[in-house]
2 protein chains.
Amino acid sequence: MRMTPQRAAVLQAVRARRWHPSAHEVYDVVRRQIPKISLATVYRNLEELVGAGKLKRLQGVGRERRYEGWLKPHYHVCCVECGLVEDVDLEMDHSVEKRIEGLTGYEIFDQSVELIGLCPHCRKTVEESHARKS
Amino acid sequence: MRMTPQRAAVLQAVRARRWHPSAHEVYDVVRRQIPKISLATVYRNLEELVGAGKLKRLQGVGRERRYEGWLKPHYHVCCVECGLVEDVDLEMDHSVEKRIEGLTGYEIFDQSVELIGLCPHCRKTVEESHARKS
DNA sequence: TCCAGAAATAAGAATTATTACCAGAAATTA
DNA sequence: TAATTTCTGGTAATAATTCTTATTTCTGGA
Ligand SMILES: [Mn+2]
Ligand SMILES: [Mn+2]
Ligand SMILES: [Zn+2]
Ligand SMILES: [Zn+2]
């Protein structure tokens, strides 16, 4: 796999922050650097970088596919209200993997854990609207 | 929410087996009972049943949205090779939820855990192709 | 250095999954 | 019964992703 300017820009855009951009969001970022880049090139390179193990694909929260530059396994918290998906910097517990390998006969090599709830901001909003009703 | 024949058939189709059907797969099943049912009705009712807490939506593995009739929280094993998603009947560990609530300020009320790997069948296929190469 | 693939690109068409819309049917209410 | 509400089937529209094709860029050997 050649490292073209387009491909490098895509990789860097996803790695940049701890962020989980969709293809279109990556496109918007990369376009500032390479204005003529095609959306199809972004899609293609995202998938190729996943294939090469340089990016991960997020288990779909929401409609679009999202990508991940932080390769270390980690938990995600997802807000059902605003759609935010944030990383949690906490050592992951892998003990369940072994147990499930024995139970199912699968060979497990990764784990995707999303904690579903309300972010601090939406929590406030929801509590206020409850108070208004009662 | 009225329980119309269409809605009941959709609910029953998802509950039937421990399976994770897409809207179109539900459509194919329900159509045998109600041949004139519209695909839009299936989509609409699936979402309404999720809203009413009678079905759950699966965190997207693959491109279509999948639905779940087994409401008890449980682990899923996903095969990267063939796309199979299976239930694991094992009591879930909820201890991490509390820890993450404290850490992030989120209010967590659900958890979605997918164990990514190879199903017993694909495992065999992959091992054989490795042997052939060497 | 020049050339012949091979690999990658931009642009846009096509495909797929989902949602929106609407007119009429069915159920509910007064 | 008549008015109102809810739901349905059919179809059009939208959004995300993939495919196609002509063109450009790169690489390794003559
Ligand atoms: Mn992450
Ligand atoms: Mn399940
Ligand atoms: Zn939020
Ligand atoms: Zn498999």
Side-chain angles (χ1 to χ4, degrees), chain A residues 1-14 19-68 78 80 82-85, chain B residues 1-14 19-68 78 80 82-85:
Chain A
M1 193 181 58
R2 252 149 52 191
M3 190 50 68
T4 66
Q6 289 89 340
R7 192 163 291 157
V10 166
L11 179 56
Q12 216 235 310
V14 182
W19 182 39
H20 303 100
S22 65
H24 216 289
E25 284 166 357
V26 171
Y27 178 54
D28 288 338
V29 170
V30 168
R31 216 153 31 143
R32 296 204 285 264
Q33 240 190 281
I34 308 176
K36 302 191 48 75
I37 196 169
S38 157
L39 181 56
T41 300
V42 173
Y43 271 102
R44 184 169 17 80
N45 282 328
L46 282 168
E47 284 305 304
E48 266 158 35
L49 289 162
V50 169
K54 301 191 175 182
L55 291 180
K56 286 171 82 177
R57 218 196 330 256
L58 232 66
Q59 292 301 89
V61 188
R63 178 101 295 92
E64 315 117 296
R65 196 175 277 178
R66 296 192 164 270
Y67 295 86
E68 164 88 72
C78 312
V80 291
C82 66
L84 204 63
V85 178
Chain B
M1 191 183 54
R2 243 149 60 191
M3 190 49 69
T4 66
Q6 290 88 339
R7 193 163 291 158
V10 166
L11 180 56
Q12 216 233 310
V14 183
W19 181 40
H20 304 101
S22 66
H24 215 289
E25 284 166 357
V26 171
Y27 179 54
D28 288 339
V29 170
V30 167
R31 220 160 20 149
R32 297 203 287 263
Q33 240 189 279
I34 308 175
K36 302 190 50 70
I37 197 170
S38 156
L39 181 56
T41 300
V42 172
Y43 271 102
R44 186 167 14 79
N45 282 328
L46 282 168
E47 284 305 304
E48 265 159 34
L49 288 162
V50 169
K54 302 192 173 182
L55 290 180
K56 284 172 83 177
R57 219 193 332 252
L58 229 65
Q59 293 300 88
V61 187
R63 40 206 39 77
E64 311 120 296
R65 194 176 278 179
R66 298 193 162 269
Y67 295 87
E68 163 89 72
C78 311
V80 290
C82 67
L84 205 64
V85 179

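Please read these numbers as outputs of a predicted model, since none were measured by experiment. Letters go in sequence order (proteins before strands), and every chain restarts at 1.
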When the distance from [atom1] of [X] to [atom2] of [N] is rounded to whole Å, what number comes out?
| X | N | atom1 | atom2 | result |
| --- | --- | --- | --- | --- |
| L58(B) | dA17(C) | CG | P | 17 Å |
| E47(A) | dA8(C) | CD | C1' | 16 Å |
| M1(A) | dT9(C) | CE | P | 10 Å |
| R65(B) | dA15(D) | CZ | P | 15 Å |
| I34(A) | dA10(C) | CD1 | C1' | 12 Å |
| R63(A) | dT16(C) | CZ | P | 17 Å |
| E64(B) | dT17(D) | CD | P | 14 Å |
| R66(B) | dT18(C) | CZ | C1' | 15 Å |

Q: May I ask you to decide whether K54(B) forms a salt bridge with E48(B), counting only side-chain N to carboxylate O separations under 4.0 Å?
A: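 No, this pair does not count.
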
**Q.** salt_bridge(R66(A), E64(A)) N-O dist < 4.0 Å
**A.**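 Between E64(A) and R66(A) there is a salt bridge, with a charged N closer than 4.0 Å to a carboxylate O.
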
Q: Ignoring backbone atoms, establish whether R7(B) has a side-chain N or O less than 4.0 Å from OP1 or OP2 of dT8(D).
A: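 For dT8(D), OP1/OP2 do have a side-chain N/O of R7(B) under 4.0 Å.
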
[X] side chain: which of [options] is closest?
| X | options | answer |
| --- | --- | --- |
| T4(A) | dA11(C), dT18(C), dA8(C) | dA8(C) |
| A40(A) | dG12(C), dA27(C), dT8(D) | dG12(C) |
| L39(A) | dA8(C), dT17(D), dA10(C) | dT17(D) |
| Q6(B) | dG9(D), dT9(C), dA8(C) | dG9(D) |
| I37(B) | dC19(D), dG9(D), dT18(C) | dG9(D) |
| K36(B) | dT18(C), dT9(C), dG9(D) | dG9(D) |

Q.
Using a 6.0 Å distance limit plus a 45 degree cone around the ring axis, check whether R65(B) lies over the aromatic ring of Y67(B).
A.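 Negative - R65(B) is either too far from the ring of Y67(B) or too far off its axis.
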
**Q.** For V26(A) against A13(A), the heavy-atom pair lying closest together
**A.**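 That closest heavy-atom pairing would be CG1-CB, 4.2 Å.
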
Q) Taking the nucleotide of DNA chain D with the closest heavy atom to each, which residue, Y43(A) or R44(B), is nearer the 5' end? A)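 Per heavy-atom nearest nucleotide, the more 5' residue is R44(B).
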
**Q.** First of V42(A) and S22(B) reached from the 5' end of DNA chain C, by closest nucleotide
**A.**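 By nearest-heavy-atom nucleotide position, the 5'-most residue is V42(A).
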
Q | Quiz item: S38(A) side-chain donor-acceptor pair to dA11(C) base, under 3.5 Å | A |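 Yes, the side chain and the base share a sub-3.5 Å donor-acceptor pair.
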
Q: In sequence, state the C-alpha distance, the side-chain angles, and the governing distance for Q6(B) and I34(B), and then conclude on side chain to side chain contact (heavy atoms under 4.5 Å, CB included).
A: CA-CA 7 Å; Q6(B) 290 88 339; I34(B) 308 175; 4.3 Å; yes

